[in-house]
Number of protein chains: 2
Amino acid sequence: MVRPKVFGGGTPRGGYLGLMHRVRATIERYVPLDDEAWARIEPMWTLKQHERGELVTAAGSVETRFGIMEEGVHRIFFEHDGQDHSLGFSYDGSWTGVYDSFVTGRPARIQLLSMTPSAAWWIDRADLLRAYVEVPGMERFGRLILEEVLVGRAQREIEMLSLSAEERYRRFMDRSAHLLQLVPQKDIASYLGMTPETFSRLRARVR
Amino acid sequence: MVRPKVFGGGTPRGGYLGLMHRVRATIERYVPLDDEAWARIEPMWTLKQHERGELVTAAGSVETRFGIMEEGVHRIFFEHDGQDHSLGFSYDGSWTGVYDSFVTGRPARIQLLSMTPSAAWWIDRADLLRAYVEVPGMERFGRLILEEVLVGRAQREIEMLSLSAEERYRRFMDRSAHLLQLVPQKDIASYLGMTPETFSRLRARVR
DNA sequence: GATCGTTCTTGATCCAGATCAAGGGCCCGC
DNA sequence: GCGGGCCCTTGATCTGGATCAAGAACGATC
């Protein structure tokens, strides 16, 4: 079954997906890619394994990689005054990475943590910029995935500003209940902008 | 003096700016544009005047325009349960529009209100998509402006999640105090995620 | 320049959700 | 299979900021 993404997005191909490279399948959700174009960019990507609990990108470092999830779950978050704030999760062919630093070249405030054993395909910014120039369709891919991210973030902003904790909890359960199996409740609570205690009480109270 | 944008962004050219078309100057903040490219896209843009208080885009309609501010101020907001939530302001060569609907083609939740007499250059989505394909550099412009918007939104998200009302007020005053002359305090309060009463009390309390 | 609506201020009260606190369960490493 | 950390839960209390209320100042319209 295809699941909606909490962060990043699009719908993975079904069925014959296993026969196609994950990266190519993801890119082709946005733009068609002929074999020649794929041959040019395929060597730019490298698969990296991450352990459960590994900090994939630490605050303060400049992040130059953009990733596509092969398997497992990443949590995107930042810290402030010792408090941890989750911004989203990546999995199943959606993108991963630290977009503030990747785009600006400044030290990251956002961090990335591998919540499970995971694997992601990474491309370096220099290679991606080269692909934008040299490979037809790739700059469009960059624009389209940004559009999708922006719309998703806007949706979240509207919900955070206008919904109560209970309503945010309900919508999360409708859309992404399966994440409860994969990450601790406290991180989902944080993603929903509430404390673990409030999350727990809502769980008990709501039906 | 050049002012930072609260929403959308970049730095307008100074000095000789008056001699160059506003749209071309804005695009050239992101990509170089030769005279031929400009000649191809220039006819796609039309200048529209908006009255103070005019609803530039209403909720529920599909928005197909993307705009660049010539003068005046637009407020981007949405309504929920009769409450008004401001998401940002556009002015001085920054972009304007309703990005949720523009990107998705679905009815808008976000609305646009002209806070002052204003004028904006508008391009229709169909023309912009054509420009992306036909005019070198334009697709890159689309990608780069989206990157900038996304980074700005991420910055705001971090501040909304981790700062107190007082701290958000202080940062706003540091960055964008001049907006107080242009729009009602209640709208700035809403942009900062607080009530007009709280905003007023902070004003009295903070220095 | 009087009138009316809107905005801003200031005070009193309220409340959703945070914080503080303590117990219990689970998993992991040895 | 025992010990030590997380987690998660549940209860008691607290609080930042909202809501309710009422004037005062401002500005647009005739």
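Only heavy atoms go into these numbers, but all of them, side chains included; no hydrogens, no water, no symmetry mates. The chains referred to below are lettered A, B, ... by the order of the sequence lines, with proteins before strands, and numbering in each begins at 1.
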* Residue pair A:Tyr30 / A:Arg140, side-chain heavy-atom distance below 4.5 Å -> no

* To do: Can you tell me the distance, in whole Å, between the CD atom of A:Glu167 and the C1' atom of C:dG17?
  => 16 Å

* Asked: Could you state the CG-P distance from A:Leu192 to C:dA16, rounded to the nearest angstrom?
  -> 19 Å

* Asked: In terms of side-chain heavy atoms of B:Arg201, which of C:dG11, C:dC8, D:dG17 is nearest?
  -> C:dG11

* Selection from D:dT9, C:dC8, D:dT19 that lies nearest to any side-chain heavy atom of B:Glu197 -> D:dT19

* **Test item: A:Thr116 side-chain N/O and A:Val73 main-chain N/O as donor-acceptor pair under 3.5 Å** => yes

* For C:dC8, does either OP1 or OP2 sit under 4.0 Å from a side-chain N or O belonging to B:Arg203? -> no

* Structure fact -> When rounded to whole Å, the CZ to C1' distance for the pair B:Phe199 and D:dT19 reads 19 Å

* Asked: If you check every side-chain atom of B:Lys186, which of D:dG17, D:dC8, C:dT7 has the closest atom?
  -> C:dT7

* Measure from OH on B:Tyr169 to P on D:dG16 and round the result to the nearest Å. => 19 Å

* Asked: DNA chain D: B:Arg205 or A:Ala204, which has the more 5' nearest nucleotide?
  -> A:Ala204

* Taking the six-membered ring where the residue is Trp, are the ring centres of B:Trp45 and B:His21 under 6.0 Å apart? -> no

* Asked: Of all the nucleotides listed (C:dT10, C:dT7, D:dA18), which has the minimum atom distance to the side chain of B:Pro184?
  -> C:dT7

* On DNA chain D, check which nucleotide each of B:Arg52 and B:Leu163 is closest to and give me the residue with the more 5' one. => B:Leu163

* To do: May I ask you to establish whether A:Arg203 and A:Tyr169 are in a cation-pi arrangement, using a distance under 6.0 Å from NZ or CZ to the six-membered ring centre and at most 45° from the ring axis?
  => no

* Establish, with yes or no, whether the OP1 or OP2 oxygen of C:dA18 is under 4.0 angstrom from a side-chain nitrogen or oxygen of A:Gln83. => no

* To do: Using atom CD of A:Gln185 as one end and atom P of D:dC7 as the other, report the distance to the nearest whole Å.
  => 11 Å

* Look at the aromatic rings of B:His74 and B:Trp122 and report parallel, tilted or perpendicular, splitting at 30° and 60°. => parallel

* Nucleotide C:dT6, atom P - distance to CE of B:Met115 in whole Å -> 14 Å

* Within the pair A:Thr195 and C:dA18, is there a side-chain N or O less than 4.0 Å away from OP1 or OP2? -> yes

* Which is true for A:Gly193 with a 4.0 Å heavy-atom rule: it touches a base, it touches only sugar-phosphate, or it touches nothing? -> sugar-phosphate

* **Phosphate OP1/OP2 of C:dG17 contacted by A:Thr198 side-chain N/O (<4.0 Å)** => no

* Asked: For the pair made of CG in A:Leu202 and C1' in D:dT9, what is the distance, rounded to whole Å?
  -> 13 Å

* Nearest-angstrom distance from the residue atom CD of A:Gln181 to C1' of C:dC27 -> 16 Å

